[in-house]
Every structure is written in structure tokens, then in C-alpha cells.
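Please read the structure below before turning to the comments.
Side-chain atoms are counted along with the backbone in the values below, which use heavy atoms only and exclude waters and symmetry mates. Below, read A as the first sequence line, B as the second, and so on, with proteins coming before strands; counting in each chain starts at 1.
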Amino acid sequence: MNFQSRRVQTMNYNVSAHSWKRTHYTMEITPDLDGKEVTLTGWIKEIRDLGGIKFLLLRDKDGIVQITVPRDEVDRQIIEQVDKLQRQDCVSIRGTVRRMDKAPRGVEVTPKSIIILNTAKQPLPLDITGKTPADIDVRLDARILDLIRDEAQAIFRIRHVTLEAIREFFSKNGFIEIHTPKIIATATEGGANLFPVAYFEREAFLAQSPQLYKEQLVIDFEKVYEIGPTFRAEKSHTRRHLTEFISVDIEEAFATAEDVMSVAEQLLQHVCRTVNEKCRRELDILKYRVETPSIPFKRLTYDEVINELRENGIKISWGEDIPTVAYRTLGKLHPYFYFIIDWPTSLKPFYIKPRDGKPEISEGFDLMWHWIEIASGGTRVHNKDLLIKRLKEQNLNPESFKYHLQVFDYGMPPHAGWAIGLERLVMMLTGIRNIREVVLFPRDRFRLTP
RNA sequence: GCCCUGGUAGUAUAGUCCGGUCUAGUAUAGGCGGCUGUCGCCCGCCCGACCCGGGUUCAAAUCCCGGCCAGGGCGCCA
């Protein structure tokens, strides 16, 4: 090739430099597009250079397609561009689709023009192919790169499908989606510690639950649900605790605990079925299987639970809460979903209704999956005088609940509800053992960044 | 708040118990070179690390003390 012709070719190359806008996503590249010219955008995930032929794996939001570069079949300018490419460089590639049995998915693209839209600094802080594993601490520090891994992609697709299924279920069943304030005025409910925030000249708090608001809203909408963040300033540092997590809450007017337990069962069955149907590929990646539960779920009374635990060597006297070791034992005895009902009233929050005629027993329940609590709820107190009595019994000041209590003068119906911890549900659906894995940017006792 | 375990190249590990051929091994990533069908490609060469501070000792990655950081567990947690 003489100087003249090379120069002409360079000019042609420059003239033909394509717009970087994509024509197809990687997963749309199929063998039947053989011979067609396409433009793809994405990131280089892996490079395998065999000398005379080079394979690039181009990743976009849906998947991967192989870019094949046979040295003697493409322009020198392409080779020069390709030789510059590194893992995680951001590129636009225009090229020809080729049906090829030897390629992944039976198809590959041979480039005609490459635009490097941005480069990635090497070496990367972790292996985006996931072949060299990194500790969770390292991965969370470089979370954006970590989320490229197939496992992470699978987890968050399952999380997405879970949320979609939940919303679909609620819509079909007549619930309306609400959003209640996350900045609240007073630390009212007792129990979990709240995070204080500086709110202009006052102190405010991050909400630990939409509980009071959702109860009030049953007057206006009867059936409400909220999927939103909750904040808990607990010093727990375990693989099932976060300081910020997503709570899936419902509240329903003219309903009892048994009614909303039924809603929970149906919802979980629907979610498990949907994830099984829509996330086969993701479950394969995670090497996990979700069993679609049959309903109704087992209902164990608190009394039955403590008897069962006693038979297994764990002594709990009536009225005591169930410690973690005991839950682990219970999880072995009941390996899937089960409710624990008939809790002592003293162990439940003030808004849980004591049973009529037997007030030491409450109408509260917990929904367990193995040894982990994934939901809790119950029939609520809807009588104002009883609610005030319950507040006092729990050493809470009715005065600080004045805005909540006034609503009980406006025709508060009997109602019931529950809350599911979304992350714990996603752990269950993915088989992931550390809750931080199922949150994009987890917050725990010690982690506030990135 | 308490308890346990750990901290070695960008990442993941071996070595630590029982101090000395550790000039710190290996894999992967990264750099350079070679290789035309890879799909955890392969081959050769190279770069790169003992968390910080103090102590013991002739000698410390290794033992001791303190700190920091991380992981896990307990308590706590609607």
C-alpha cells in the first residue's frame, strides 16, 4: 500500500466515522441479521487477543455481544482503535453482523468503525467479569463496577421484577399507592431509635415507618400501600440489618389480622410465581431456585412456638420475646413461610389490638421465612380511648400523639395492616445471604459511603 | 454497647501456629512481546504488597501492646 492510497483511505475512514447513536441493543443482534450493518454502544467487558484474531465482549444494559476482529479482514485504522481498547472503555461500534456458529449466541459483529467515547483507568479496582472474587467491602467501595457482574445484575433484575409484581398485585386488588413523609416532627413510637436531622431551626427525625400515616389514610382510601424508605438508628451489625431499607406497607379498612394475613400470603405466592416465570436466567446465574409456596401458610401460636422451643432445649417463659438463637431453631423446624400469631400484647406496639375478652393476647402476627422475620402486622386499635390506654401502658405520652389521636375522632374504621422488609424478601428470592448484596448502596452502622 | 475473627501487590490468596534461604510464593488484573476461533484462551518477559505506631530480639510479615479498618455474631431492633 503506497502513501497516497493509505492517505485516501484515512480520509475515507474519517468521512465515514459514524454517529455514535445505536441502532440495536446487544441482545437484538441475532443470527438472522446476518450481513446487516448495525451500530452498538456499550462497554468493553472482556478482551481475548489470539494474535491474528481478537474477540471483544461488548456489554450494554441487556447483555453481551461478541465483536470479532480478524486482522487481515479489517482496516488498519480499526486495528489501531481496537488495540487501544481496555476493559470498561465506553464505545460505539458500527459493524456488520455475521452469523457464526462458533460465536456466543451464534452471532458476532465485525467492526467497520469504532468511536471511543470514554476510557477507563487501568487496572480497575476489581474484576468486572467476577472471575477473580473481591470482598464485599472492596466491592461496595467500587459499587458501580461491582454492579456490572452477572450476579449483581441478576439480583437487581429480580428485585425489579419483585417490585413490579408487588405493584401489579396491589393494583389488581384495589390498593392505592401512597407516599407518607419521611421527615417527621417527633420521635413518637418508641422502640427503634430514630436519626435526628437538622430541620432549619428545629430538630426533626427520619421516619422509622409510615405506620401512623397509613393508618390514618384508611379513612380516605380504605386500602393503601406504600413502598418507601425507612430509617432505623440501630446499632445492629449483622448480615440481615440495614439502617436504611425499603418497607412494603399496607393498611386496609374494615379488615382484621386474618384478612391481611391472607393478603400477605397471596402476595408472596404471586411474587414467587412471577420471579420463577420471569427470572429463569437470573436464577440460573445465582444457582438458586424459588419454591412457589402453597397457601394458606402455617399459623403457629406464640404458645405453640415456646412449647416447641422448650422441646428443643430453649426455655422461654410466657411473655418473653424470642431471641435470635430460638429463631434459628424455629427456622430448622419450619423451613419455609409460617406465621407466628397470638403474641402477648406486651410484646407488641401500642397500636396492635388486644384480643376482645382476652386482652393479654394480641391480634398481632409475624410472618417468618426460615428464621428471618420478613413481615409483621396485625389488627389495629381503632378505639381512641383504648389507644390512649395502650400508649400509657407502654410509657408513651399521648400528648405527643395528638395529631394521630385526633384522627380517631373522625370515624376511624376497624383496620389492619402489615409491613414487609423488601430487602429481606429479595434475599429470600435470590438465596443471597448478606442483605447488603441486594441494596445498590447499602447503609449500615459503619457504612455511609459511597 | 459487648464478643469472636481477620488486615500481605489493583483483586484474591500462600506464608504467621513453631521469628532466620522471605531477596515474600501463586492466580488474576495491568505493561511489553508472540499466537486466526476465543468463550475463566494460551505462551514468554515485566511491574506491583507485609494496615499504622510502639515494644521484645542479634534478627519481626511472623511474638507482645495500643490504634485504625474490615467481616461475622450477640444484644438491641414495629
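With P as the reference atom, rU11(B) and rC51(B) are 13 Å apart, rounded to whole Å. Atom name C1', nucleotides rA24(B) and rC77(B): the rounded distance is 46 Å, in whole Å. The same atom, C1', is picked in rG44(B) and in rG6(B); the two are 37 Å apart, to the nearest Å. Comparing rA29(B) with rC43(B), their P atoms are spaced 11 Å from each other, to the whole Å. Of the C1' atoms belonging to rU57(B) and rA14(B), the separation is 26 Å, rounded to the nearest Å. Remark: the separation of the P atoms in rC32(B) and rC68(B) is 43 Å, to the nearest Å. One P atom belongs to rA60(B), the other to rC4(B), and the distance between them is 29 Å to the nearest Å. Between rU62(B) and rG25(B), the distance separating the two C1' atoms is 16 Å to the nearest Å.
The shortest distance between the side-chain N/O atoms of K235(A) and the OP1/OP2 oxygens of rG1(B) is below 4.0 Å. When the side-chain nitrogen and oxygen atoms of N434(A) are compared with OP1 and OP2 of rG71(B), none of them lie within a distance under 4.0 Å. A sub-4.0 Å separation between OP1 or OP2 of rG73(B) and a side-chain N or O of H237(A) is absent. The phosphate of rG31(B) has OP1 or OP2 within less than 4.0 Å of a side-chain N or O from Q86(A). Taking only side-chain nitrogens and oxygens, R239(A) never comes nearer than 4.0 Å to OP1 or OP2 of rG71(B). The side chain of R240(A) places an N or O atom within less than 4.0 Å of a non-bridging phosphate oxygen (OP1 or OP2) of rC74(B).
Take the nearest nucleotide of RNA chain B for T68(A) and for I136(A): the residue whose nucleotide is more 5' is T68(A). Comparing F55(A) and P125(A) along RNA chain B, the residue whose closest nucleotide (by nearest heavy atom) sits nearer the 5' end is P125(A).
Nearest nucleotide to the side chain of H241(A), out of rG30(B), rU38(B), rC77(B): rC77(B). Of the listed nucleotides (rG37(B), rC39(B), rG71(B)), rG37(B) has the atom at the smallest distance from the side chain of L50(A). Of the candidates rG71(B), rG37(B), rG75(B), rG75(B) carries the atom nearest the T324(A) side chain, counting heavy atoms from C-beta on. Ranking rG30(B), rG37(B), rG75(B) by closeness to the P323(A) side chain, first place goes to rG75(B). Checking rU38(B), rG1(B), rC77(B) against every side-chain atom of Q66(A), the shortest atom distance belongs to rU38(B). Closest contact between the side chain of E46(A) and the listed nucleotides rG71(B), rC41(B), rG1(B) involves rC41(B). Among the nucleotides rG71(B), rU38(B), rG10(B), the one closest to the side chain of P123(A) is rG10(B).
At whole-Å resolution of the value, CG in L448(A) and C1' in rA70(B) are 16 Å apart. Note: CG (D366(A)) to C1' (rC77(B)) measures 12 Å, nearest angstrom. What separates CG of D135(A) from C1' of rU5(B) is a distance of 13 Å, to the nearest Å.
Only at 4.0 angstrom or more do the heavy atoms of residues 377-391 of chain A sit from any atom of RNA chain B, so none qualifies.
Partners of R328(A) by side chain to side chain donor-acceptor pair (under 3.5 Å), not counting sequence neighbours: none found.
A cation-pi arrangement is found for K61(A) relative to Y25(A), the charged atom lying closer than 6.0 Å to the ring centre and inside a 45° cone about the ring normal.
The CG atom of L85(A) sits 6.0 Å away from atom CG of L56(A), with the distance rounded to the nearest 0.5 Å.
Taking the six-membered ring wherever Trp is involved, the centroid distance between the rings of F170(A) and Y225(A) falls below 6.0 Å.
Partner of R390(A) under the side chain to side chain contact (heavy atoms under 4.5 Å, CB included) criterion, chosen from I352(A), L396(A), T345(A): T345(A). Put simply, the residue from T379(A), L387(A), T256(A) that forms a side chain to side chain contact (heavy atoms under 4.5 Å, CB included) with K353(A) is T379(A).
Between the side chain of R139(A) and the backbone N or O of E437(A), no donor-acceptor pair lies under 3.5 Å.
Side-chain contact between E251(A) and I178(A): absent, with no pair of heavy atoms (C-beta onward) separated by less than 4.5 Å.
Checked for salt-bridge contact, R59(A) and D150(A) miss the test: no charged N lies under 4.0 Å from a carboxylate O.
Below the 3.5 angstrom threshold, one finds a donor paired with an acceptor across the side chain of E108(A) and the base of rG37(B). Judged by distance alone, with hydrogens and angles left aside, S236(A) brings a side-chain donor or acceptor within reach of the base of rC76(B), the pair sitting under 3.5 Å.
Note: H404(A) and F408(A) have perpendicular aromatic rings, judged against thresholds of 30 and 60 degrees for the angle between ring planes. Under the 30°/60° scheme for interplanar angles, the aromatic rings of F365(A) and F339(A) are found to stand perpendicular.
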Table of protein N/O atoms under 3.5 Å from nucleotides 24-28 of chain B N/O atoms:
| residue | atom | partner | partner atom | Å |
| --- | --- | --- | --- | --- |
| rU28(B) | O2' | T132(A) | OG1 | 2.7 |

